[in-house]
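To start, the structure itself, in structure tokens.
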There are 2 protein chains.
Amino acid sequence: MKLTSKGRYAVMALVDLARFDNINPVSLRDISLRQGISLDYLEQIFSKLKKNEIVKSIRGTQGGYVLNKSPNDIKLTNIFHAVDEKVKTVQCKKESKKGCNGKATKCITHNLWDELEIHINTFFENKSLKDLLNNNKETRV
Amino acid sequence: MKLTSKGRYAVMALVDLARFDNINPVSLRDISLRQGISLDYLEQIFSKLKKNEIVKSIRGTQGGYVLNKSPNDIKLTNIFHAVDEKVKTVQCKKESKKGCNGKATKCITHNLWDELEIHINTFFENKSLKDLLNNNKETRV
DNA sequence: ACATACCTGACTAAAATGGTCAAGTTTAGA
DNA sequence: TCTAAACTTGACCATTTTAGTCAGGTATGT
């Protein structure tokens, strides 16, 4: 079980964005430089964040991205969902013969994964961008 | 973020084993049939479970595997650890220029992943095989 | 007009995943 | 003692996912 870097980058980029978007939109180029994330990759990520209305884009010179909601209203759940970083515990193959369906034992551990999923999602639902901002204020240069 | 089927199979197999090992050792062939898991794959998994002293093996005809501890003492943490199903949230590349080390911002989200890891591991540490057994008694045929 | 910045989609190398296959060794029981 | 059941080990492999890169765009402020 692991967290992919796409989800990680999304969070890092948004925290970065949240810090700097007070006055002007923030360009991906700046985020790329500050966070050490490939610009091309960032573009993919922000495309998804935009589709999910987490950020707004402003084109042209001096353009960039801006948060579309207050940091307090952007939960980690939203971010991960936007970039397809799902908490997949188990897919008991939907139509399969084996696994959850066919057998008498019926995927003994089914309940377990449900519980785990809830456990993790609760964590993400209770964390917002704002929490991360506060958390890191002292490390700001 | 996802749970691999290796970890899932390990748990399923051990629950199965725990149910049937009262008198005789349980052969992987039986588990394979009951749970619909490839025998060859089970062998890989049990090899690791044995190295981690979660099960014992008995060779020869009528041989098989037996739990090495009481179900109450086998936590999910132990199982996942045995089959290398780690909760990896983030590796801030150890010696890397980018990411956590070089930059002034210093991996803004570091604390977050630590918290998450603790959150998940707590869940696994508090779940034992016995919990799963009780949980599923009613579904037993 | 032109540089800056967003936008889009195709492509790809490398790693992880989810196994299979082959060739054993050990031991109970006929 | 012979043999079949069962564990043991390690190599191998196809597919999928990941983590990007590349190559083109399009929009817009100055």
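Here is how names work: the chains are called A, B, and so on, in the same order as the sequence lines, proteins then strands, and each is numbered from 1.
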A/E43 (side chain) and C/dC7 (base): donor-acceptor pair under 3.5 Å: yes
N/O donor to acceptor pairs below 3.5 angstrom from side-chain atoms of residues 54-62 of chain B, sequence neighbours left out:
from, atom 1, to, atom 2, distance (Å)
B/S57, OG, B/K50, NZ, 3.1

Shortest side-chain distance from B/D40, nucleotide among D/dA19, C/dC7, C/dC21: C/dC21
Whole-Å distance separating the CD atom of A/Q35 from the P atom of D/dG20: 14 Å
Rounded distance (Å) that lies between atom C1' of D/dC7 and atom CG of B/L17: 14 Å
Residues in contact with DNA chain C, drawn from residues 51-61 of chain B - heavy-atom cutoff 4.0 Å: B/R59, B/G60, B/T61
Over all atoms of both residues, closest heavy-atom pair of B/L17 and B/Y65: CD1-O, 3.3 Å
Any A/Y41 side-chain nitrogen or oxygen under 4.0 Å from OP1 or OP2 of D/dT18: no
Rounded distance in Å - CZ (B/R8) to C1' (C/dG19): 13 Å
Position toward the 5' end of DNA chain C (nearest nucleotide), A/G63 or A/Q44: A/G63
B/S5, nearest nucleotide to its side chain (from D/dT21, C/dA5, C/dG18): C/dG18
Nearest heavy-atom neighbours spanning B/P71 and B/S128: O-CB, 3.6 Å
Test side-chain contact (heavy atoms from CB on, under 4.5 Å) applied to A/N126 - qualifying residues, sequence neighbours left out: A/T122
For a quick test of your reading: what N or O donor-acceptor pairs under 3.5 Å do the side chains of residues 73-83 of chain A make, sequence neighbours left out?
from, atom 1, to, atom 2, distance (Å)
A/K75, NZ, A/N72, O, 3.2
A/T77, OG1, A/E125, N, 3.2
A/N78, OD1, A/K75, N, 2.9

Atom pair distance, as rounded to whole Å: CZ in B/R29 and P in D/dA4: 15 Å
Length of the CD1-C1' vector between B/I45 and D/dT9, whole Å: 16 Å
Length of the line joining B/L28:CG and D/dT9:P, which is rounded to integer Å: 13 Å
Spacing of B/M12 atom CE relative to C/dG18 atom P, expressed in whole Å: 13 Å
A/Y65 side-chain N/O to C/dA5 phosphate OP1/OP2 under 4.0 Å: no
Side chain to side chain donor-acceptor pair (under 3.5 Å) involving B/K48 - partner list, sequence neighbours excluded: B/D84
Whether A/Y9 and A/Y41 hold their rings parallel, tilted or perpendicular, with breakpoints at 30° and 60°: perpendicular
Any A/S38 side-chain N or O less than 4.0 Å from OP1/OP2 of D/dT21: yes
Presence of A/K50 side-chain N/O under 4.0 Å of C/dC7 phosphate oxygens OP1/OP2: yes
Atom pair distance, as rounded to whole Å: CG in A/L42 and C1' in C/dC7: 14 Å
